[in-house]
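In this text, all values refer to a predicted model and were calculated from it rather than measured experimentally. Values reported hereafter were calculated over all heavy atoms of this structure, with side chains retained and with hydrogens, waters and symmetry mates removed. We name chains A, B, ... by the order of the sequence lines, and we start the count at 1 in each one.
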2 protein chains.
Amino acid sequence: MNVTGHTRRPASIRDVATAAGVSYQTVSRVINGHPSVRPSTRERVLAAIEELGFRRNATALALASGRTRTVTVLTANTTHYGYASILQGIEESARAASYAVGIGVLESAEDAAVAAEVQRAADAGGGIVVIAYDPAGVRALGAVPAGLPVVGVVETPASPPGGESPWVWTDDREAAYQATRHLLSLGHETVHYVAIPSSTRRTSARTSGWRQALKEAGAPEPRPVQSSWGPAGGHAAALELARDPSVTAVLCGNDDLALGVLRALHEAGRPVPGEVSVAGFDDAPHSAFLTPSLTTVRLDFTGLGRAAFALLHGALEESAPVAPHPVSVPELVVRESSGPPPGER
Amino acid sequence: MNVTGHTRRPASIRDVATAAGVSYQTVSRVINGHPSVRPSTRERVLAAIEELGFRRNATALALASGRTRTVTVLTANTTHYGYASILQGIEESARAASYAVGIGVLESAEDAAVAAEVQRAADAGGGIVVIAYDPAGVRALGAVPAGLPVVGVVETPASPPGGESPWVWTDDREAAYQATRHLLSLGHETVHYVAIPSSTRRTSARTSGWRQALKEAGAPEPRPVQSSWGPAGGHAAALELARDPSVTAVLCGNDDLALGVLRALHEAGRPVPGEVSVAGFDDAPHSAFLTPSLTTVRLDFTGLGRAAFALLHGALEESAPVAPHPVSVPELVVRESSGPPPGER
DNA sequence: CGCATGAATGTGACCGGTCACACAAGGCGC
DNA sequence: GCGCCTTGTGTGACCGGTCACATTCATGCG
C-alpha cells in the first residue's frame, strides 16, 4: 500500500529487474512467456512483478513494437440504435482480443472536417472501422489513406472507384425484399417506400429489394419518397402519403422513420393497420412496444460490429483468424402494424 | 505521391531535420511553436515537414511527455439514448481539445470484470469518465485507483465513503419534482412512480423529488414500483398498475420505461390520457412521435458529457479552464400523454 | 574592449518497452 | 579433450518524441 498518497511512478521492467536481481531483458522474457527462462528465475521475477504491482506500459509497448492494438471507430452519430449497436459489437470483440476501442464522431460531412477525423484515427495507429451508412461515413471511408488497415460497415458491398477495401454489410436487399413480399402477400396492390438518405449515388440495396419484390408481383412501382434518418423525417414524408387514399402499405427505411410515419397517419386519421400497413427496418428496442407494435425486419447490428472487428483483426495480425462474417440473416418480425388492406378485411 | 504503393515508414522528426539541414531538436521547437527559432530556419523546417508529410507520432509523444491526451469512457451500454448522448457530448468536447476518446463497455457488474475494465482504462493513461447510473458503473467508479484523474457522471452527487471525487450530474430531483407537480396540478390525487433501478442503496434523486412534490401537495405516497431500464420493464411493471382503477397518473423513470407503460395501459384498455396520465424522463428522440406523444422532462445529456470532459480536462492540465458545469436545467415538456383525471374532464 | 546576456541551435540522456546479438555454461558426439 | 549446439542470461541499440544542458554567436553595457 502506498500510504503517502501521492502517486508514485509505476514500476517499469527495470525496477522489476533490480528487485529480482536479473536483467530487464529477462523480465521482458518472463512477461512474454519466452521458453528459455529457468523456472526458478521465472519464479523470482513473477514475485517481483507481484510485489511491485508492475503493469506493462501500453504506450511504450506500442512505440517499441509498432503495434497499437487499437481500433478506432468513425461514425456520424452514436445515438442511433443501429450505429450504437455496431459500436457495441465492435467493442465486445475488441475487448476479447484485448484491443482498445477509440471513437471519432463525424460531426459534419464537410470534406475538411472528415479528413481531420480520419487523420486523427490514423494517428492513433491500429485499425479503423468506418460506419459508412451516410454521406459523412462514405466520405470518411474514401478519405482513409491507402495502406491503412480499414474496414467499412456499408450498406452495399460495391467497389468504390480505384481501390479494394474490405467491408461488412447486412443483406439489406433481402430484408427489403422480405418485408415488401410480406405486405404484398397481405393483399396490398403495391407498397410505397419512404427511404433513408442514400449513402451513394447508386440505388440502395433496400430500394432494389423493394423494387424486385414489386416487379415479381407485377405491382406498380410508386416513386420512393426520399427522407431523412429520424422520426421527424418520416413524419414529414408521410404527410403527403397520408392524403393519398390509394396508399395502403408503406415500407420505411428504418424504425425511426416508421415511427414518424405512424404518427403522421394517426394525425391524418388513417388507422394502422386498418387502412394503412406500415413496416420498418432494424427492430429497434422500442418497436415492439409501440401502439400499434411495428412490423419490421430485424438486422444483426451487433454481429455486424463483431464481423467488422474480426476482419480488421485478421488484417492486423497474421495469427488472427479471418472468419467469414457470421452476421445473422435479416429476419422478418410481423407485428400489429401490418394487415390486409381495407377492402379485404 | 508514393507510387510504389507499399507503405513506407512515416517521416520522423529526424527525417525532417535531415531534409531541412537542422537538428531534430530544432524541428521539435518548430512543431511546438518555440519562440527562439530564426524565421528563415522555421520556414525551411516547415517546408520539409510539408514535403515529407510529417505528422507527429502520438505514441512517441505520449511516451516521452507522459501525457496521453486520452479520455476513456466506461459505460454499461452504448445503445441507451442517455448514455449515447453523454458519450457524444464527451467526444465533442474532447475533439475540440484534441483528445482521443476511448470506450470500455462494462458487460457485467461482476467485480472481476469491472476491475479488469477499469485497469484497461487506467492503462490507456489520460483520464477516465465513468457513467455511473447503474450498478456496473457505480462499481467501476469505486474501483478506480486513487490518484487517477476520473470524473463520474452520477445520478446524485453523494460522497462515496472515503474519498473526494469530482462528479457531474443533472438535477434529477428538480426534474422529478416538476413532472410530479405538473401531474398533480392537472387534478390527479396522487402520482404513481415506476422507478429505474437505483444505482446505490440510497433513495434516488428522482424518487425524492417525486416524494417531495407529493408531500407538499398532501397527496398520498404510493409505494414506488421498481423496474428495469427498458420498455419491457415498464410493460411488466404497469401490468399491475393498470388493474388498479385508482391509478390515474404514472411517472416513469425514463422514456423507455414510459413506452412500456403506455403499451401495458393500452393492452389493459385504459386510454391515455383519458383515464391515466403518463410522464417520463429524458425526452428521447422518439418520445415526441409516440401516440399519444409523451410528456417528459428533457435532460441535457450532451451538456452533461461536455461538463464531464471539461472537469477532467481541468484536472489533467493546469492551463485548461475548470468551468462550472454549464448543464442546462431540466425542462418539462408537456405533450399528449398527460391530462386531467377521468372525473375532472 | 571585455564580459555578461540572450537568442539560436546542437548534443546526450531519457520515457519503457522490444529486438538483435553476444556470451557463458552445460550436454553431446567424436 | 575439442568443437558444436542448446539453454539461459545480459548488453546495446532502437522506436520517435521530449527535456536538460552545452555551445556558438551577436548584442548591449559599463
Side-chain angles (χ1 to χ4, degrees), chain A residues 7-46 48-49 52-70 98 100 122-126 317-318, chain B residues 7-46 48-49 52-70 98 100 122-126 317-318:
Chain A
T7 319
R8 69 166 90 259
R9 186 168 56 73
S12 76
I13 54 167
R14 317 207 188 218
D15 299 330
V16 173
T18 307
V22 296
S23 77
Y24 53 83
Q25 180 63 286
T26 300
V27 175
S28 175
R29 288 195 182 95
V30 171
I31 297 170
N32 296 302
H34 189 99
S36 22
V37 175
R38 192 179 306 161
S40 65
T41 310
R42 183 190 312 279
E43 208 79 1
R44 247 185 315 143
V45 172
L46 287 176
I49 287 177
L52 299 177
F54 167 81
R55 307 210 83 226
R56 196 225 241 99
N57 180 315
T59 305
L61 176 61
L63 179 59
S65 68
R67 322 182 160 284
T68 314
R69 292 188 82 80
T70 288
S98 49
D123 284 355
E317 293 179 30
E318 288 298 324
Chain B
T7 319
R8 68 166 91 259
R9 188 167 55 72
S12 76
I13 54 167
R14 317 206 187 218
D15 299 330
V16 173
T18 308
V22 296
S23 78
Y24 52 83
Q25 180 62 282
T26 300
V27 176
S28 175
R29 288 194 183 94
V30 171
I31 297 170
N32 295 303
H34 189 100
S36 24
V37 174
R38 192 181 305 162
S40 65
T41 309
R42 185 190 311 279
E43 208 78 0
R44 246 184 317 140
V45 171
L46 287 175
I49 286 176
L52 298 178
F54 167 82
R55 306 211 82 225
R56 195 225 242 100
N57 179 316
T59 305
L61 176 61
L63 179 59
S65 68
R67 323 182 159 283
T68 314
R69 291 188 83 79
T70 288
S98 49
D123 284 355
E317 294 179 30
E318 288 298 324

Thr59(B) or Gln25(B), whichever maps to the more 5' nucleotide of DNA chain D: Thr59(B)
Sugar-phosphate only, base, or nothing, as touched by Leu61(B) at under 4.0 Å among non-hydrogen atoms: sugar-phosphate
Sugar-phosphate only, base, or nothing, as touched by Arg14(B) at under 4.0 Å among non-hydrogen atoms: base
Close side-chain approach of Arg56(B) to Asn32(B), heavy-atom, < 4.5 Å: yes
Terminal contacting nucleotides, 5' and 3', DNA chain D versus chain B (heavy atom, 4.0 Å): dG16(D) to dA20(D)
Side-chain heavy atoms of Gln25(A) within contact of Arg29(A), under 4.5 Å: yes
Sugar-phosphate, base or nothing in reach of Arg67(A), heavy atoms under 4.0 Å: nothing
Beyond-backbone contact of Ile49(B) with Val45(B), side-chain heavy atoms, under 4.5 angstrom: yes
Min side-chain heavy-atom separation Asp15(B)-Phe54(B) under 4.5 Å: no
Inter-residue atom distance Ile13(B).CD1 - Thr26(B).OG1, 0.5 Å rounding: 10.0 Å
Rounded interatomic separation in angstrom, taking CG from Asn32(B) and P from dT9(C): 15 Å
Terminal axis angle for the helix from dC1(C)-dG30(D) to dC30(C)-dG1(D), five pairs an end, nearest 10 degrees: 60°
Toward the 5' end of DNA chain C, by each residue's nearest nucleotide, Ala60(B) or Ser28(A): Ala60(B)
Comparing Arg42(B) and Ser65(B) on DNA chain C - which has the more 5′ nearest nucleotide: Arg42(B)
Reported CG-to-CG distance for the pair Leu63(A) and Asn57(B), which is rounded to 0.5 angstrom: 6.5 Å
Minimum side-chain heavy-atom gap Ser36(B)-His34(B) below 4.5 Å: yes
Flag side-chain contact, heavy atom, 4.5 Å: Arg69(A) against Glu317(A): yes
